[in-house]
Amino acid sequence: MPDEPPIVIHDTASGELRELMAGDDGSVGIYACGPTVYNRIHIGNARPFVVFSWLKRFLDARGLTPTLVVNVTDVNDKIYAAAAQQGIPSTELAEAMTAHYIADTDALGLGRPDHEPLATETIDGIISLIAALIERGAAYAVDGDVYFRVRADDRYGSLSHRDVEQMSQGEDDDLVGTGRKDDPLDFALWKAQKDGEDTAWDAPWGRGRPGWHIECSAMAEELLGVGFQIHGGGSDLVFPHHENEAAQTRCARGAELAQIWMHNGMLEMRSAGGASEKMAKSVGNVTLLPDAIAEHGRDALLLFFATGHYRQPLVYARETVAAAAARLARIAELGRSLADGPSPEALRPHRDAFFAALASDFNTAQALEALAAWVREARALDGPGRDDLVAMLSIFGLENVLEAGAEPEAADLELLTAREAARAAKDWAEADRLRGALAERGWQVRDGADGAELVPLR
RNA sequence: GGCGCCGUGGCGGAGUGGCUACGCAGCGGCCUGCAAAGCCGUCUACACCGGUUCGAUUCCGGUCGGCGCCUCCA
């Protein structure tokens, strides 16, 4: 397709829009941080999964060949703690929660990422990356632990725009006084096995397990190489997680891990007082993804995600998702009345605007505006082909809403026929009664110029 | 306190130096036996105070308010 606008994405590191530079073969590597599997995921966790799955679909549609990697962190302090509380082995908990995560995200119907590496299956890569850091003097081992020397990286802080001089690393700060860490800023790459920890691997500096940040550097590099196009995740990961990832790879490989750092905004919950706050396990205001899907359906939930720009916070509330459902129902209604086939040139500008909006920092809200315009004008035409509509909805994984619903049964059609007879006889009371009977069976009657039809009640 | 982001019509939520975003909801009308859907119209906003400008919701400065990160967190 000629004259396609360049794809630009907001880069957290530079704070600017940057053009996506695909490989010569059109390849685009995308790494998005996935869940730590210690309990089930909530809708907030689903946002990056959705956004980056959509981004992949969009790049596909643009003729590029994206590779999406979403990792699973399956060894971690939180997992140990949760497993201990339940009195089960940590591996058992991690495996169970990973299975839940797969099932819950499967229910979004967006397919799977190309790779979903487990931290525990990347131990070799993690160890060699740590070894490279030690070799270069950017890390040091102490009694079985290994720490990253933050001050070895003169660009540390450049991603999150923080001044090294006024940072504290938080994690393991209590170790500073013991002299284990050379500097309070240093963070763990490898943690020696402690009592009660039931998973550990042998490493040159002792038996233990990897720190959180190093896992991602290793998994990303292993599957996408260094210097891939997009590294993504929630904005709450910018510091310290992504800052540390960037520093590790920079110091070990002498190159940047990713070209563009792309962060989605938080999903917020409206509290009783009317204010909004981030949905987080630690805040205790979560709605689990499977519960949200059960309540609204995955179609409505997906369109809801598309109504806001990915970088902005989005307020999850019953009413706003319901509004998305109503919007989608009307798009679907029009779409179902159209047949497959090329869409007319007259509607082309709207389709182009849809894709142009996505090319411009993946602005799904603006894309929806173009989709709305397409639908509005399509209604005025005489049964235009719906290929464009399918192409647009496919980006969001919503082309399924165009499929015909369940067919009315014979009993339903009998009621409809009876109603038509009542109408012909001008027996309005009986006609209304029959319409009520059909409503109870899940059908809404629509009286059109070509006679009455049944559509599923929404 | 530091860093980043944001304050848009009843609600959600884009965007722009001058031209109605869009959606949902409401209201009036057309259509309809009544509805539904659709169509037309309507309510038509950009926190506040300064500044730049012929002109600012859009740029700059300040005030107030909100959110995120700075501790595990998508």
Side-chain angles (χ1 to χ4, degrees), chain A residues 12 15 32-36 38 41-52 70 73 76-78 81 157 160-163 165-173 212 232-243 263-268 270 274-283 286 303-304 306-309 311-317 319-331 333-334 337 353 357 360 363-373 375-376 379-380 422-423 426-429 431-432 435-436 439 444-449 452-453 455 457-458:
Chain A
T12 303
C33 285
T36 296
Y38 68 98
I41 65 165
H42 58 256
I43 358 174
N45 294 309
R47 173 118 100 144
F49 187 93
V50 169
V51 166
F52 291 102
V70 180
T73 296
N76 174 285
D77 286 329
K78 291 233 166 197
S160 56
H161 309 286
R162 284 160 206 268
D163 182 356
E165 298 311 321
Q166 43 194 25
M167 286 182 189
S168 79
Q169 198 60 46
E171 196 177 11
D172 298 324
D173 260 4
W212 179 36
S235 61
D236 53 350
L237 296 184
V238 174
F239 187 88
H241 187 51
H242 289 166
E243 188 74 69
H263 293 101
N264 62 272
M266 297 293 98
L267 197 72
E268 298 182 349
R270 182 96 64 206
S276 298
E277 61 186 350
K278 171 185 172 183
M279 179 184 294
K281 295 163 188 171
S282 54
V283 182
V286 303
L303 194 73
F304 161 70
T307 57
H309 189 113
R311 277 202 282 143
Q312 296 308 131
L314 189 61
V315 178
Y316 176 80
E319 312 80 62
T320 55
V321 183
R327 179 180 196 156
L328 183 61
R330 288 175 184 163
I331 294 169
E333 216 164 280
L334 176 274
S337 74
S360 174
N363 194 330
T364 54
Q366 201 167 53
L368 246 29
E369 174 187 339
L371 197 158
V375 168
R376 194 188 324 117
R379 266 199 282 260
R423 291 184 73 206
K426 298 202 188 301
D427 183 350
W428 306 128
D432 286 346
R435 182 168 58 194
Q444 182 177 51
V445 182
R446 295 257 166 103
D447 296 319
E453 61 171 349
V455 299
L457 215 52
R458 65 162 195 262

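Note that the structure is a prediction, hence the values are computed from the model and not measured. Numbers restart at 1 for each chain; the letters A, B, ... are given by sequence-line order, proteins then strands.
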What's [X] touching, base or sugar-phosphate or nothing? Going by heavy atoms closer than 4.0 Å.
X: Gly308(A); result: sugar-phosphate
X: Arg423(A); result: base
X: His42(A); result: base
X: Leu267(A); result: base
X: Val445(A); result: base

Report the nucleotide, chosen from [options], that has the shortest atom-to-atom distance to any side-chain atom of [X].
X: Leu314(A); options: A74(B), G13(B), A14(B); value: G13(B)
X: Lys78(A); options: C72(B), A74(B), C39(B); value: C72(B)
X: Ala365(A); options: A14(B), G23(B), A74(B); value: A14(B)
X: Thr36(A); options: A74(B), C3(B), C39(B); value: A74(B)
X: Arg446(A); options: A74(B), C39(B), A36(B); value: A36(B)
X: Trp428(A); options: G33(B), G13(B), A74(B); value: G33(B)
X: Arg162(A); options: A74(B), G2(B), A36(B); value: G2(B)
X: Glu333(A); options: A37(B), A14(B), C34(B); value: A37(B)
X: Met266(A); options: C24(B), G13(B), G68(B); value: G68(B)
X: Thr320(A); options: G12(B), G33(B), A74(B); value: G12(B)

Would you mind pulling out the nucleotide paired to [N], Watson-Crick or G-U wobble, both distances under 3.5 Å?
N: G1(B); result: C70(B)
N: U57(B); result: none
N: C64(B); result: G7(B)
N: G41(B); result: C27(B)

In Å, rounded to the nearest 0.5 Å, how long is the span from [atom1] of [X] to [atom2] of [Y]?
X: Arg47(A); Y: His42(A); atom1: CZ; atom2: NE2; result: 11.5 Å
X: Gln444(A); Y: Glu453(A); atom1: CD; atom2: CD; result: 10.0 Å
X: His263(A); Y: Thr12(A); atom1: NE2; atom2: OG1; result: 4.5 Å
X: Phe304(A); Y: Leu314(A); atom1: CZ; atom2: CG; result: 3.5 Å
X: Cys33(A); Y: His241(A); atom1: SG; atom2: NE2; result: 3.5 Å

N/O (side chain, [X]) to phosphate O (OP1/OP2, [N]) under 4.0 Å:
X: Arg327(A); N: C11(B); answer: no
X: Asn363(A); N: G15(B); answer: yes
X: Arg435(A); N: A35(B); answer: no
X: Arg330(A); N: C24(B); answer: yes

Task: Minimal non-hydrogen separation, Gly34(A) against Val70(A), with atom names - done: CA-CG1, 3.7 Å
Open item on the list: For a quick test of reading the model, state the closest non-hydrogen atom pair linking Val286(A) to Met279(A) and the distance between them.
Closed with: CA-CG, 3.7 Å
If you measure from the [atom1] atom in [N] to the same atom in [M], how many Å do you get, rounded?
N: A21(B); M: G12(B); atom1: C1'; answer: 13 Å
N: G9(B); M: G4(B); atom1: P; answer: 27 Å
N: G13(B); M: A47(B); atom1: P; answer: 15 Å
N: C22(B); M: A36(B); atom1: C1'; answer: 23 Å
N: C3(B); M: G61(B); atom1: P; answer: 14 Å
N: C69(B); M: A74(B); atom1: C1'; answer: 13 Å
N: C48(B); M: G68(B); atom1: P; answer: 25 Å
N: U16(B); M: U58(B); atom1: C1'; answer: 6 Å

Task: Thr73(A) side-chain N/O to Thr36(A) backbone N/O, donor-acceptor pair under 3.5 Å - done: no
Open item on the list: Using a 3.5 Å distance criterion without hydrogens, assess whether the side chain of Glu268(A) forms a donor-acceptor pair with backbone atoms of Val315(A).
Closed with: no
Spacing between [X] atom [atom1] and [N] atom [atom2], to the nearest angstrom:
X: Glu369(A); N: U16(B); atom1: CD; atom2: C1'; answer: 12 Å
X: Asn264(A); N: C5(B); atom1: CG; atom2: C1'; answer: 14 Å
X: Glu319(A); N: G23(B); atom1: CD; atom2: C1'; answer: 15 Å
X: Leu237(A); N: U71(B); atom1: CG; atom2: P; answer: 14 Å
X: Arg376(A); N: C24(B); atom1: CZ; atom2: C1'; answer: 15 Å
X: His242(A); N: C70(B); atom1: NE2; atom2: C1'; answer: 16 Å
X: Phe304(A); N: C11(B); atom1: CZ; atom2: P; answer: 17 Å
X: Glu453(A); N: A36(B); atom1: CD; atom2: C1'; answer: 10 Å

TODO: Tell me which of Ala323(A) and Gly15(A) sits closer to the 5' end of RNA chain B, going by the nucleotide each one is nearest to.
DONE: Gly15(A)
Open item on the list: With nearest nucleotide decided by heavy atoms, which residue, Ala322(A) or Gln366(A), maps closer to the 5′ end of RNA chain B?
Closed with: Gln366(A)
TODO: Classify the side chain of Asp447(A) versus the base of C34(B) as yes if they form a donor-acceptor pair under 3.5 Å and no if they do not.
DONE: yes
